[in-house]
**Q** 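The structure follows.
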Amino acid sequence: MLTPHLNRHADGELAYEGVRLADIAREFGTPTYVYSRATIVENFRAYQSAFAASKPLICYAVKANSTLSVLALLASEGAGFDIVSAGELQRVIAAGGDASKVIFSGVAKRSEEIALALSHNIHCFNIESEAELFRVNDIAIAAGKRARITFRINPDVDAKTHPYISTGLKSNKFGVAHLDAVRLYTLAASMRGIEVHGIECHIGSQITELSPYVDALRRLLSLVDDLSARGIHLHHIDIGGGRGITYQGETMVSMNDFAQAVEREIAGHHLDLLLEPGRSIVGDAGLLLTRVEFLKPGETKNFALVDAGMNDLIRPTLYDAYHPVTAVLARDGTPTIYDVVGPVCESGDWLARERALVLEQGDLLAVLCAGAYGMTMASNYNTRGRPCEVMVDRDEAHLIRERERFEDLIAHERIVV
Ligand SMILES: *Cc1c(COP(=O)(O)O)cnc(C)c1O
C-alpha cells in the first residue's frame, strides 16, 4: 500500500510486516522509529540485481541511518560504507562492517580522523580540496602508508532538487572544480603518500531524473580520458548517491533504466564502479510512530498535537519536506483537515500540513518514509530524549536502540556556579 510491507488488517489496524503498530506502541511507547528489515534488504538487493553486469561496490551512505543494527544488516548483505566522520567509521566497525570496503567523504576531515581511517586500511579517501590532499599525504607518510584517493569532482550540474541537498553546483562547498582536476591529479600522482585510485562525484540528494547523472558521468569520463592520455590511469569511478524515493507521488527513473544508463556510459573504460546510496536504501524502510496528545480545533486551522516533534524528525522544518501520514487505526467518519504539529516550542515544529484525517485524542499516527535522515538528524532540543528504534522482522519486533533517558541527556554536564 502506502509503503512497502505496511498493510492494514481487516479490523482497520496498520501492521508493519507482521507486527501491529499498536502493539509496538504498547510495548515500547511513542515516539518510536520503526524499520522494516525486509524493505532494507530488498532495497539493497535491488541495486545488486539492477547492476548485476558491473558488480559495483555499493557503499551505503552511513549518515542516512547509522543505527548499528541497520549497518550490521547491510554489512551482512555485503555492503561497503560511505562515511563522513571518524564516528561513522567506528560505528561501521562496531557493527561488524568491513573497513576495506569503506570510503571516506567529507570536506573538512580532521587529522585524527584521517589517521584513524588509515590505520584501518579503508578502501579510499574522497578528497575534496588541495589542502586536504596535502594533509592526507603528510599523515600517510608519517604512518609509512600510501592512501588511496579519488578526487570528488564538482561537475557543475544541476541535480534539480532542493537547494539544501544539491551539491554538484559551482556555488556549493563540495568537491574540486572540474577545471582544476588535471593539475590536482598530476600533483597527487607525484606524492609519496598518495596512490591515485579513482574519481568521484555526488551531485545531490532526492534526485528523480536520469539526466543529472548522465551529465555528471560524461564530465567525469572526459576527465578520465584526459588523465589517461597524460599517463594517469584510474581504477574506479564512483557516481555517488542521491537516488530519490517517492514521498509524494514523485516518479523516479526506474532502477533498471538508471543502471543501464550508467553501465552504458562507463562501458569500455575499464573502471570498477562504486555507488554511495543512502536514502534509497533506508528512506521508505522506516516510519515514525507517534501518538496524538490533543486535538485543537481553531478558527483558521485544526491542529493534531502529537508527541513527536522537530527534534525527532527535522526534515519538514528544514527542507519543507513532505512525509505521508496515516492513522494507525482507520476510523469511520468525515475527515478533518489537520496540521500535525509537535510539542516543541517553535512555530516551525510541524510534521505535516493540511492532511485529511479522522482522529480522536490518543490515536496513533504513522509518519512514513522516515527511515533516512530521521533518527540521524534527531536532537535533544527542549531536553527531549531521542526516540527508541524498533526493527520488525516478519512477526517479531526487536528493540534496536533504547529511548534516551534524562540521565543520558545530562551525563556529560558539570555544574559550575
Ligand atoms: C549524503 C551523501 C550520500 C548519500 O546521499 P543519498 O541522497 O542519501 O543517497 C552519498 N555520498 C555522499 C558524499 C554524501 O554526502
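Just so you know, these numbers come straight off a predicted model, no measurement behind them. Counting convention: from 1, in listed order, for ligands and their atoms alike. Computed over heavy atoms, backbone and side chain alike; hydrogens, waters and symmetry mates excluded. Sequence positions, counted from 1, serve as the residue numbers for this chain.
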**Q** When you measure from atom 4 (C) of ligand 1 to every protein heavy atom, which one gives the shortest distance, and what is it?
**A** Ala61 CB, 3.3 Å
**Q** Could you tell me which atoms of ligand 1, counted from 1 in the order shown, lie closer than 4.0 angstrom to a heavy atom of Pro277?
**A** 9 (O)
**Q** Is there any N or O on Gly242 that sits under 3.5 Å from an N or O of ligand 1?
**A** yes
**Q** When the ring centroid of His236 is compared with that of His123, is the distance short of 6.0 Å?
**A**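 Here the rings of His123 and His236 have centres that are less than 6.0 Å from each other.
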**Q** Please determine if Lys109 forms a cation-pi arrangement with Phe125, meaning its NZ or CZ atom is less than 6.0 Å from the six-membered ring centre and no more than 45° off the ring axis.
**A**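 No, a cation-pi geometry is absent between Lys109 and Phe125.
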**Q** I'd like to know whether ligand 1 has Tyr373 as a neighbour, heavy-atom separation below 4.0 Å.
**A** yes
**Q** State the atoms of ligand 1, each with its element, that fall below the 4.0 Å cut-off from a heavy-atom position in Gly241.
**A** 9 (O), 10 (C)
**Q** I need the nearest protein heavy-atom contact for atom 7 (O) of ligand 1: residue, atom name and distance, please.
**A** Ser205 OG, 2.3 Å
**Q** Pull out every atom of ligand 1 sitting under 4.0 Å from any heavy atom of Arg152, numbered as shown with elements.
**A** 13 (C)
**Q** What is the nearest protein non-hydrogen atom to atom 14 (C) of ligand 1, stated with its residue, atom name and distance?
**A** Lys63 NZ, 2.8 Å
**Q** Judged by modelled atom types alone, do Tyr319 and Gln206 share a side-chain donor-acceptor pair under 3.5 Å?
**A**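 No pair is found: no donor N or O on one side chain lies under 3.5 Å from an acceptor on the other.
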**Q** Can you find a side-chain donor-acceptor pair between Arg243 and Thr208 that sits under 3.5 Å?
**A**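 No - no donor-acceptor pair under 3.5 Å links their side chains.
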**Q** Minimum heavy-atom separation for Leu288 and Pro31, please, with both atom names.
**A**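 That would be CD1-CB, 4.1 Å.
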**Q** Look at ligand 1 and say whether Ala372 reaches it with a heavy atom at a distance under 4.0 Å.
**A**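 No heavy atom of Ala372 comes that close to ligand 1.
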**Q** Does the side chain of Val176 reach to within under 4.5 Å of the side chain of Ile153, using non-hydrogen atoms?
**A** yes
**Q** Is the Tyr185-Phe151 ring centre distance short of 6.0 angstrom?
**A** yes
**Q** Does this structure show an ion pair linking Arg183 with Glu130, if we count only N-O contacts that are shorter than 4.0 Å?
**A** yes
**Q** Give the C-alpha distance, both sets of side-chain angles, the deciding distance and a yes or no for ring pair (Phe, Tyr, Trp, His ring centres under 6.0 Å) between Phe258 and Tyr213.
**A** CA-CA 9 Å; Phe258 173 51; Tyr213 283 106; 4.8 Å; yes
**Q** Is it the case that ligand 1 has an N or O less than 3.5 angstrom from some N or O of Val84?
**A**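 No, no N or O pair falls under 3.5 Å.
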**Q** Counting only heavy atoms closer than 4.0 Å, does ligand 1 sit against the backbone of Asp82, its side chain, both, or neither?
**A**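 Near ligand 1, Asp82 shows its side chain, while the N, CA, C and O stay back.
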**Q** How far is atom 5 (O) of ligand 1 from its nearest protein heavy atom, and which residue and atom name does that atom have?
**A**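 The closest one turns out to be His202 CE1, 3.3 Å.
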**Q** If we only count N/O pairs under 3.5 Å, is Ser105 in contact with ligand 1?
**A**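 No; every N/O pair is 3.5 Å or more apart.
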**Q** Ring centres under 6.0 Å, that's the criterion: do Tyr247 and His323 meet it?
**A** yes
**Q** Under 4.0 Å from a heavy atom of Arg279: give me the atoms of ligand 1 that qualify, with their elements.
**A**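 Here the atoms of ligand 1 in question are 6 (P), 8 (O), 9 (O).
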**Q** For atom 13 (C) of ligand 1, what's the nearest protein heavy-atom neighbour? Residue, atom name and distance, please.
**A**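 Here the closest protein heavy atom is Glu276 OE1, 3.5 Å.
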